There are 2 protein chains.
Amino acid sequence: MNLPPLIQSFVLHFGEMGSRWGINRTVGQIYALLYVSPRPLNADDIVEALGVSRSNVSMGLRELQAWNLVLLRHIPDDRRDHFTTPDDVWQILRTLAEERKKREVDPTLSVLRELLMLAPGSAEERHAQARMAEMHGLIERLTTWYDDVKRLETERMTALLALGARVTKLLDAKDKVVGLVRGRKEG
Amino acid sequence: MNLPPLIQSFVLHFGEMGSRWGINRTVGQIYALLYVSPRPLNADDIVEALGVSRSNVSMGLRELQAWNLVLLRHIPDDRRDHFTTPDDVWQILRTLAEERKKREVDPTLSVLRELLMLAPGSAEERHAQARMAEMHGLIERLTTWYDDVKRLETERMTALLALGARVTKLLDAKDKVVGLVRGRKEG
DNA sequence: TCTAAATTTCAGAAAGTTCTGAAATCACGG
DNA sequence: CCGTGATTTCAGAACTTTCTGAAATTTAGA
């Protein structure tokens, strides 16, 4: 590996965290490298920077493309494929959330739905099904909320984040106003 | 493995998903089994239900305890340790979020902070640092929001979820009211 | 304190994954 | 439609993780 110290530390950290994030070391390193690079890199640039085999880089880029985390760019007068990460970190976050949901949540949701359709054959199975229903309900609420919120523009998203838990104060205020209006109409 | 079909499907699914969630097959299966079980189980119950070795169950339970995902219970007149999962699925979700943050996010946040303190040695490093700053800013916003929201009681949490993206309408309404009040005071 | 059941530890076997170099395939310019 | 360079595929080597059975340790009651 042959990189400026600051970048090397960042790349190595992403490599180490890779396994916790469900990707392998090389994939993590490739992503990190592309993320901080000021210009698109081709596969050989990555081979040289990280000191791994050409084929490993090829497989890593393939996986990152499957995750929609890198973009293929073409440089004029250069046949080779070049890669970057999207500039907008919010967009990256959205992509990451979307892909993780697809891989880590959706399959479970669909298994739960299937199992909840079956008739329980015993008290034990009836209890199990009740627990599955609780889990299904929770996940469904969360994903519905997520589907809703993911469509917000970045600006509204940040406004929401900045509000934090104070959002519930707003909720209380709304309830009060609604109460007043009702009172006036009905009274 | 010797389980009613409905429960077996659930347990097998959790085993398969385990690797995507950063836990191993046995750990996933143990958790699933405890989650749907109507009463606390001891290690031998789990060995029998899942058909894995006693020591493997011991290690799995150990890991689940490290994740705070199972509770140790004692049954009167029985020396053996028994295990359950918490009843409240919201509590489970909170625990899961907390643990994942601790393992998957916090280390990166602290590495980013460190690297942002260093003086860049070149234009390349300066650019890299700017990218790291963007990432750091995003993660910090998100974790601050999370720290804020995780303290909400379940009821308020569900209210917030139910509102979904409509929460931003509320935000607009608030801005309008604030504007009105300001206008009155100043005008 | 002693005993026996319960639990944990640990070294090595089994299983799974990541990585490489060599060969195959692809695709562009002539 | 050929030659060259870019890219992908793939079998097996290297490495990592998971799992087991045996031995060691812990624990609760006699």
Side-chain angles (χ1 to χ4, degrees), chain A residues 1 11-12 14-34 40-67 69-84 103-104, chain B residues 1 11-12 14-34 40-67 69-84 103-104:
Chain A
M1 186 174 299
V11 164
L12 289 177
F14 264 63
E16 279 161 26
M17 293 303 284
S19 52
R20 299 199 188 176
W21 299 333
I23 57 174
N24 70 40
R25 183 155 39 105
T26 309
V27 172
Q29 291 184 353
I30 294 173
Y31 182 79
L33 181 65
L34 293 175
L41 301 179
N42 65 46
D44 286 320
D45 293 338
I46 299 171
V47 166
E48 170 155 17
L50 302 182
V52 297
S53 75
R54 184 52 238 270
S55 55
N56 198 5
V57 168
S58 175
M59 284 156 96
L61 286 170
R62 182 157 261 286
E63 179 161 2
L64 285 169
Q65 282 174 286
W67 278 85
L69 283 175
V70 300
L71 301 173
L72 184 56
R73 306 290 288 281
H74 277 109
I75 305 278
D77 300 327
D78 191 334
R79 273 171 61 177
R80 294 168 298 180
D81 290 345
H82 289 244
F83 299 88
T84 1
R103 284 157 227 250
E104 300 181 12
Chain B
M1 188 173 299
V11 164
L12 289 177
F14 264 62
E16 279 161 25
M17 294 301 284
S19 52
R20 299 198 190 176
W21 299 333
I23 57 175
N24 70 40
R25 182 154 42 102
T26 310
V27 171
Q29 291 184 351
I30 294 173
Y31 182 80
L33 181 65
L34 292 175
L41 302 179
N42 65 46
D44 287 319
D45 294 338
I46 299 171
V47 166
E48 170 154 17
L50 303 183
V52 297
S53 74
R54 183 54 238 271
S55 54
N56 198 4
V57 168
S58 175
M59 284 156 96
L61 287 169
R62 182 157 260 287
E63 179 161 1
L64 285 169
Q65 283 175 286
W67 278 85
L69 283 174
V70 300
L71 300 172
L72 183 57
R73 306 289 289 278
H74 277 111
I75 304 278
D77 299 327
D78 191 333
R79 267 171 67 175
R80 295 169 297 180
D81 289 345
H82 289 244
F83 298 88
T84 1
R103 283 158 230 250
E104 299 180 12

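Residue numbers start from 1 in every chain, and the chains themselves are labelled A, B, ... in the order their sequence lines are given, proteins ahead of strands. Fair warning: this is a prediction, and the values are worked out from it, not measured in the lab.
When each of A/N42 and B/V27 is assigned the nucleotide of DNA chain D with its nearest heavy atom, A/N42 is the one assigned upstream, toward the 5' end. Nearest-nucleotide mapping onto DNA chain D: of B/G51 and A/A43, the residue sitting toward the 5' end is A/A43.
When all heavy atoms of A/P40 and A/I75 are compared, the closest pair comes out as CG-CD1, 4.4 Å. In this structure, A/G28 and A/F14 approach most closely via the heavy-atom pair O-CB, 3.5 Å. Nearest heavy atom pair, residue A/V11 against residue A/Q29, reads O-CG, 3.6 Å. Residues B/T26 and B/N24 approach most closely at N-OD1, 3.1 Å, considering heavy atoms.
Nearest to the side-chain atoms of B/S53 among the listed nucleotides D/dC19, C/dC19, C/dT7 stands D/dC19. If you check C/dC19, D/dC19, C/dT7 against the side chain of A/T26, the one that comes closest is C/dC19. Of the candidate nucleotides C/dT8, C/dA6, D/dA6, D/dA6 has the atom nearest to the side chain of A/R80. With distances taken from any side-chain atom of B/R79 to the nucleotides C/dA6, C/dA27, C/dT7, the minimum falls on C/dA6. Of the candidates D/dT20, C/dT7, C/dT20, the closest approach to any side-chain atom of B/M59 belongs to D/dT20.
For the pair A/D78 CG and C/dA27 P, the computed distance is 17 Å after rounding to whole Å. We find that CZ of A/F83 is positioned 12 Å from C1' of D/dT8, with the value rounded to whole Å. Atom NE2 in B/H74 sits roughly 7 Å away from atom P in D/dA28 (whole-Å rounding). Distance CG (B/D45) to C1' (C/dA6): 13 Å, rounded to an integer number of Å. The CZ-P distance, from A/R73 to D/dA6, rounds to 20 Å in whole Å. Rounded to an integer number of Å, the gap from B/L72 CG to C/dA6 P is 15 Å. Rounded to whole Å, the distance from CD1 on A/I75 to C1' on D/dA6 is 15 Å. Taking atom CD1 of residue B/I46 and atom C1' of nucleotide D/dC19, one finds them 16 Å apart after rounding to whole Å.
Taking only distance into account, the side chain of A/S55 meets the base of C/dG21 through a donor-acceptor pair shorter than 3.5 Å.
The residue B/D81 sits close only to the backbone: its heavy atoms come under 4.0 Å of sugar-phosphate atoms, none of a base.
Between B/R62 and the phosphate of C/dT9, there is a side-chain N or O to OP1/OP2 separation shorter than 4.0 Å. Regarding contacts with the backbone of D/dT20, a side-chain N or O of B/N56 is found under 4.0 angstrom from either OP1 or OP2. At C/dT7, one or more side-chain N or O atoms of B/R54 fall inside 4.0 Å of OP1 or OP2 (strictly under the cut-off). For D/dC15, the OP1/OP2 oxygens have no side-chain nitrogen or oxygen of A/R25 closer than 4.0 Å. The side chain of A/N24 contributes an N or O atom lying less than 4.0 Å from OP1 or OP2 of C/dT18.
Remark: of the listed residues A/N56, A/V27, A/L34, A/L34 is the sole one forming a side-chain contact (heavy atoms from CB on, under 4.5 Å) with A/L61.
Heavy-atom neighbours of B/E104 CD from other residues, nucleotides or ligands within 6.0 Å: above the threshold of 12.
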